[in-house]
Q: 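Following this message is one structure expressed as structure tokens.
Here is the naming used below: chain letters follow the sequence lines, and residue numbers restart at 1 for every chain.
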Amino acid sequence: METTVRKKRSISTMLDPAIVLPAIGSAFVKLDPRTLIKNPIMFVLEVVSVLTTIIFVRDVIEGGHDLAFTFQIIVWLWFTVLFANFAEAIAEGRGKAQADALRQQRTETQAKLMSGAGKNFKLVPGTSLAVGDVVLVEAGDTIPSDGEVIEGIASVNESAITGESAPVIRESGGDRSAVTGGTQVLSDWIVVRISAAQGSTFLDRMIRLVEGAERQKTPNEIALNILLAGLTIIFVFATATIPSYAAYAGGTISVVVLVALFVTLIPTTIGALLSAIGIAGMDRLVRFNVLAMSGRAVEAAGDVDTLLLDKTGTITLGNRQATEFLPLTGVSEAELADAAQLSSLADETPEGRSIVVLAKTKYGLRGREVADVKARFIPFTAQSRMSGVETEESSIRKGAVDAVIRYVNSLGAASLSAGSAAQALRPAISTETAREIKAITDAISKSGGTPLAVAKDGKLLGAIHLKDIVKGGIRERFAELRRMGIRTVMITGDNPMTAAAIAAEAGVDDFLAQATPEDKLRLIRDEQAKGKLVAMCGDGTNDAPALAQADVGVAMNTGTVAAREAGNMIDLDSNPTKLIEIVEIGKQLLMTRGALTTFSIANDVAKYFAIIPAMFLAFYPQLQALNVMNLGSPQSAILSAIIFNALIIIALIPLALKGVAYRPIGAGPLLRRNLLIYGLGGVLIPFVGIKAIDIAVNALHLV
Amino acid sequence: MTLVGWAQIALFCAVVIALVKPLGWYMNRVFSGERTFLSPVLRPIENSLYKIAGVNERSEQDWLTYAVSMLIFHIGGFLILYVLLRTQGFLPFNPQGMTAVAPDLSFNTAVSFITNTNWQNYGGETTVSYLTQMLGLTHQNYLSAATGIVVAIALIRGFARASTRNIGNFWVDITRCTLYVLLPICIPLALFLVWDGIPQTLGAYVDATTLEGAKQTIAVGPVASQVAIKMLGTNGGGFFNANAAHPFENPTAFSNFIQMVAIFALGAALTNVFGRMVGNQKQGWAILWVMGVLFIAGVAVCYWAEAAGTTGINDLGLVGGNMEGKEVRFGIPASALFAVITTAASCGAVNAMHDSFTALGGMIPLINMQLGEIIVGGVGAGFYGMLIFIVIAIFVAGLMVGRTPEYVGKKIEAKEVKMAMLAILVLPLMYLGFTAVASVLPSALASIANPGPHGFSEMLYLYTSSTANNGSAFAGITGNTPFYNITGAIAMFVGRFFMIVPALAIAGSMAEKKIVPPSAGTFPTTGGLFVGMVVGVIVIVGGLTFFPALALGPIVEQISMTRNMLF
């Protein structure tokens, strides 16, 4: 599994006519006040634009002064609203393009609905399937709806949803049993029990998500909207009181000039871009092949304090290799290797296979066919933490050392239970053996390896050394996370010593060893009780409670239906390392909002210096002293401010879509940096911008 | 500007800072219900008060109950004061035979004193009896100050506590505040003032024969006891009309200095109480720094403007700055410093005519009040006002670190932003709105003594001072008219309670939240970056609200002054 994430489906937006052209159209459609009212600032802006337009029409009919000036102001007011709508439309456009692509995948399919026993089926339209129906899907068929494989194994092409063309294996039982409607079976066959009703399948949800149809305001967005609405009301007071102040001073102020001041003061920049930022944030996740089921989850990702990461596959390479057989005294290496190999025959995990291979290469033990040995295999479970094999001659167990010891002891106890009670309490493993196995396993653990104990017929044979390989570059990622203020906790089924060695090698902050799903859930609850937000990823059904409990639960697309239902995000690439990127995207989303809000408010300083002197100059010529930008005339000053106010929206659309770059340099330096750029920059840039526009306005004789 | 002048300012700052820790330590103990060295004496009194009032000391209140208790308490206070003012003619301790105060003036005065504004549309020595001064005005001086402090404490508790609905018991807090904090400081302070020359008597006014042989009536009364709490409780209501410029209210430069320290002492110490309660005193110091930066900036501008004088006077060869309306025994630095202190805090006592300040010098007090008096501020009121601004500042800029903004471990979310915005909104609504009404109402305009921008500043100052519960007057305007009495009272009422109730609501919602432990991703709120950011947000967000009004008042006047145009 690679640590870097491919950026798929990236669409260069601002230059793509397929997105820009429809966006221009929908900018006008969005003028409908019923849609605009969701954005209070833009709604207010539209109201005053309508108002000034009416006044202008009246003036045209009755014959007023400065009609050309008024007209230009009004035009720019409408442009401001349109630019805001355009920004939102562009952001949505990217999702729409993707949704269209997805819709093409959702072709009408025929389903092989199974009835009765055997492989009898009748063909029905895919749309008629109900939850609980059982269908057969054979090579070449498209899976008609979401479901769970209950029989069979098949390779499936999931490129329709993941964009990844390499086929994946889907099989009954275990953690790879979920299949998605719209994907295609390439080879073999599977029997699928339908788990989603029509219209609420994964693909349907995905289309709705990327389209933004289900978009709800996130908590921060709501708070920010309140703040912006509050500021708008303050500016209503600040501007609405001006006419009577002016009357006191013996002057008058025209409505259009007041409106111009009001519009430049209210935070139109952030108001215009706020929803685009939110949509773009979701979209950024989608392009990372992560589906967030709610905006709240994306935002929570930015707030995450603790990251729970499974060791295997995330921190270490998925496949541990057996490197050594370490027998106890009195047991030959060959005997141990034989037992280990036998117990691993049915074990399809890379570890299991590596044991078989090691036994073969080192001791020439040929891998036997499972059928030959007439064995019954005991699968590994998270509870027993052992797997094994029962043959006619013997019973072998292989697994976590403490689990195997407990098993051996319980066997001993069981066999002795007929005897005296005192004997029953005596462990089946002598103290010397216990000491020896401990020495062996400790040595393996300390080197960061995982010991697997092997027992045969109630007798402990020795241990297998499984070597864990920490992923390259992961240490740096954790250091980065630490600088972000995020604590990483490695979750592993390993014993504490192995866990500690790997934790140290990988550089995680903490680890949870010998973790059961219950431990995981408890850890999350403990962290949350301390006020922390927890993110984790998981794929198995037993991860589901923890995924549901975590503030950000990322379910792997390869995971079970239960896991996918429990998480609030789904990673289509099934790459657990991606949690780190998800956190970054969440942070970026919040930062972009904060940066543009700060910028928007800071802009007002310059606008005041442009408009206030211009407004009052007629009756207080002294106020020319406040015209620090030395703008050409009162009218050009006002017009320049309003043009700047409109153009800055367009200029900032790329930033809103791309997001402010996140750097893991700690909160203090990050804030200093952003305050300098967006705070101080926000104060200074409009001085330059308005002056430049004023020069142009005067050069073109617009007023 | 002189070295001695700056030395006075520096000494003042040093004394205030030195008092922050001991007072903060003491107040923290008082409001945490711990024993203090005064407990042996005060504890029995406290207990008997609870017994009489039927208050269970141990039961705490949620924010709404706390707010309702506070409001009921104020309705009672208002009624007592109003009735006193209306009936003082029939009541004892009235050697000068003062008659009933007019209804609109009584209304204005009663609202003024329960809101800690102490706006005075009356002259103390010509309008109210000793009984009214003591039982009505001084009484409310204590209780309105205590209210400010306990609301601040309740808000601090909201930040300090976690996962609870309770923010304290209003009745217990107000009792403890008055008994353990205000009285023990005011008694020695009053004695000091008596020693320094302030009268404290129930006797009638004294007649004196001047050198020219004319007869002059010298007003006296129980002055010292009222002045002590007037300063410490940032009330500012003068016993006499001339307030702290009157030699019997502020006889010497020393008394002036002590009174200035008294204005800031409790407000500044509350930052330390905050730090102690949230478990990191640095948090408190950071807030004090924010206040300090804004304060020093204000003092510097005001002192400079007054010391520089006006172009017209300087052209005549008269150097030495603008001494018009200032007391010679205080001089320019102590007058400018006092003006900034009294408006930074919501005291409103004045030792010089703010109306006679230069336009720029007079603008600083105006700005201080328009920012909501958060620079140290009224006892308690300044602190909760500042916390409200911090909530906004952290919310705006805190997002830029890529996390839901947090302050001392509490996430700032929609509800807090809503309440903070509500509190910030009402201030401009009141002072800008009423000024707008007054500037076009002929009857209101008739009260103005000076035309032009200066008259505008007078109106703006009146409503700003009322809304911000300051109570200092720019003067030059006849405030005792039904219009100003009633609109002023509304502004005072809204400015006080539309701030307190949202502050308590924030306290309630904060208390319910968990405390998020700080990490490297948490925006640090103890350093210079935080101070700079909060100052920036206060100046920009605050400044944006009133810049147009200031442009038409003091700014245009100042520019005109440099061109020898006076109003």
Q: Below 4.5 Å, heavy-atom pairs only: which of B:Ile412, B:Val516, B:Leu460 has the largest tally toward chain A?
A: B:Val516
Q: Could you check whether any side-chain heavy atom of A:Leu670 comes within less than 4.5 Å of a side-chain heavy atom of B:Met400, counting everything from C-beta outward?
A: no
Q: Which bit of B:Thr435 comes within less than 4.5 Å of chain A, counting heavy atoms only: side chain, backbone, both or neither?
A: both
Q: Examine whether an atom of A:Arg482 lies under 4.5 Å from a heavy atom of chain B, and if so say whether it belongs to the side chain, the backbone or both; otherwise answer neither.
A: backbone
Q: Please classify the contact of A:Phe616 with chain B as side chain, backbone, both or neither, using a heavy-atom distance under 4.5 Å.
A: side chain
Q: Answer with side chain, backbone, both or neither: which region of A:Arg483 has an atom nearer than 4.5 Å to a non-hydrogen atom of chain B?
A: backbone
Q: Do A:Ile234 and B:Leu544 come within less than 4.5 Å of each other through their side chains, counting heavy atoms only?
A: no
Q: Who wins among B:Val541, B:Leu432, B:Val396, B:Thr545 for the most heavy-atom pairs under 4.5 Å with chain A?
A: B:Leu432
Q: If every non-hydrogen atom of A:Val304 is compared with every non-hydrogen atom of B:Arg403, which pair is closest and at what distance?
A: O-NH1, 3.8 Å
Q: In terms of heavy-atom pairs under 4.5 Å, which option from B:Val437, B:Ile515, B:Ile392, B:Val556 contacts chain A the most?
A: B:Val556
Q: Quick one, A:Leu671 with B:Phe530, criterion side chain to side chain contact (heavy atoms under 4.5 Å, CB included). Give me CA distance, side-chain angles, the key distance, then yes/no.
A: CA-CA 9 Å; A:Leu671 185 68; B:Phe530 169 77; over 6 Å; no
Q: Which pair of non-hydrogen atoms, one from B:Phe456 and one from A:Tyr248, has the smallest distance, and what is that distance?
A: N-OH, 3.1 Å
Q: Chain B heavy atoms under 4.5 Å from A:Ala247: which part of the residue, side chain, backbone, both or neither?
A: side chain
Q: Drop me the distance from B:Met533's CE to A:Leu675's CG, to the nearest 0.5 angstrom.
A: 7.0 Å
Q: Evaluate the side chain to side chain contact (heavy atoms under 4.5 Å, CB included) criterion for residues B:Ile559 and A:Gln624: first the C-alpha distance (whole Å), next the side-chain angles of each, then the deciding distance (0.1 Å), finally the verdict.
A: CA-CA 10 Å; B:Ile559 298 168; A:Gln624 180 63 31; over 6 Å; no
Q: For B:Thr404, which atoms come within 4.5 Å of any heavy atom of chain A: side chain, backbone, both, or neither?
A: both
Q: Considering only heavy atoms and a distance below 4.5 Å, find which of A:Leu623, A:Ile222, A:Leu626, A:Ile611 pairs most often with chain B.
A: A:Leu623
Q: So which part of B:Lys415 gets closer than 4.5 Å to some heavy atom of chain A, the side chain, the backbone, both or neither?
A: neither
Q: Distance from B:Phe434 atom CZ to A:Thr241 atom OG1, nearest 0.5 Å?
A: 13.0 Å
Q: Given side chains that start at C-beta, do those of A:Gln622 and B:Thr562 come closer than 4.5 Å, heavy atoms only?
A: no
Q: Is B:Val537 close to chain A through its backbone or its side chain, or both, or neither, when contacts mean heavy atoms under 4.5 Å?
A: neither
Q: Once you round to the nearest 0.5 Å, how far does OG1 of B:Thr522 lie from CG of A:Asp305?
A: 7.0 Å
Q: Using a cut-off of 6.0 Å, state whether more than 12 heavy atoms not belonging to A:Lys530 lie near its atom NZ.
A: yes
Q: Please classify the contact between A:Ile270 and chain B as side chain, backbone, both or neither, with a heavy-atom cut-off of under 4.5 Å.
A: neither
Q: Between A:Leu224 and chain B, with a heavy-atom cut-off of 4.5 Å, which part of the residue counts as in contact: side chain, backbone, both or neither?
A: both
Q: For A:Tyr620 and B:Pro453, work out which heavy atoms get closest and say how close.
A: OH-CD, 3.6 Å
Q: Check whether A:Val236 gets within reach of chain B through its side chain, its backbone, both or neither, counting any heavy atom under 4.5 Å.
A: neither
Q: Can you list the residues of residues 438-448 of chain B that sit under 4.5 Å from chain A, counting heavy atoms only?
A: B:Ser439, B:Val440, B:Leu445, B:Ile448
Q: Is there a side-chain contact between A:Asn220 and B:Pro405 (heavy atoms, below 4.5 Å)?
A: yes
Q: Less than 4.5 Å to any heavy atom of chain B: does that hold for the side chain of A:Leu227, its backbone, both, or neither?
A: both
Q: Any idea which heavy atoms bring B:Lys514 and A:Gln528 closest together, and the distance?
A: NZ-O, 3.1 Å
Q: Take a 6.0 Å sphere around CZ of B:Phe498 and say whether it holds more than 12 heavy atoms from other residues, nucleotides or ligands.
A: no
Q: How close do B:Val401 and A:Met591 get, counting heavy atoms only, and between which atoms?
A: C-CG, 3.8 Å
Q: Does the side chain of B:Ile540 reach to within under 4.5 Å of the side chain of A:Asp604, using non-hydrogen atoms?
A: no
Q: For chain A, which residues from residues 546-554 of chain B have at least one heavy atom closer than 4.5 Å to it?
A: B:Phe547, B:Pro548, B:Ala549, B:Ala551, B:Leu552
Q: Give, as side chain, backbone, both or neither, the part of A:Ala529 having an atom under 4.5 angstrom from any heavy atom of chain B.
A: backbone
